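Okay, structure first, notes after.
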Amino acid sequence: MWQLIEVSVGPRTHRGRYRIEGRRLELEWRGGRSFAWCGQLKPDVVAANCLRRLVSEPIAA
């Protein structure tokens, strides 16, 4: 089941959704997907950190 996540970076709010598959977190945002190891941290913390990192990275041309 997908869970919604929102993070604020600067003046903008970015939205995504995540779900857990075993111990792997799957994050979907802007039509793309990213995967992260969840381990012992809460899934919402991992998803927020991943989304914040993804929206903060500059886009390569």
Side-chain angles (χ1 to χ4, degrees):
M1 186 161 111
W2 291 96
Q3 302 291 322
L4 298 177
I5 187 80
E6 287 187 356
V7 296
S8 295
V9 177
R12 299 188 65 197
T13 299
H14 301 275
R15 292 176 181 86
R17 62 184 191 162
Y18 70 92
R19 68 179 174 184
I20 301 296
E21 294 177 352
R23 290 189 166 209
R24 187 176 74 160
L25 180 127
E26 180 180 357
L27 174 67
E28 184 177 82
W29 71 290
R30 292 188 189 171
R33 289 190 179 178
S34 179
F35 298 92
W37 176 254
C38 200
Q40 295 180 357
L41 295 174
K42 290 183 176 182
D44 57 335
V45 172
V46 175
N49 286 336
C50 287
L51 184 56
R52 190 172 288 113
R53 179 179 43 85
L54 288 169
V55 299
S56 297
E57 290 178 353
I59 298 173

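Everything quoted here is computed from the prediction, not taken from an experiment.
Shown here are the side-chain contact (heavy atoms from CB on, under 4.5 Å) partners of S8, two or more places apart in sequence or in another chain: T13. Not counting sequence neighbours, the partners of I20 by the side-chain contact (heavy atoms from CB on, under 4.5 Å) test are L25, C38, P43. Applying the side-chain contact (heavy atoms from CB on, under 4.5 Å) criterion to W2, with sequence neighbours excluded, gives R17, R19, E26, E28, R33.
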Let me have the donor-acceptor pairs involving side chains of residues 46-53, under 3.5 Å, with sequence neighbours excluded, atom names and distances please.
| unit_1 | atom_1 | unit_2 | atom_2 | d |
| --- | --- | --- | --- | --- |
| N49 | ND2 | V45 | O | 3.4 |

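Looking at Q3 and D44, their side chains never come closer than 4.5 Å, going by heavy atoms from C-beta outward.
Between W29 and R15, the closest heavy-atom pair is CB-O, 4.1 Å.
Hydrophobic clustering (side-chain heavy atoms under 4.5 Å, transitive across Ile, Leu, Val, Met, Phe, Trp, Tyr) keeps L41 apart from F35.
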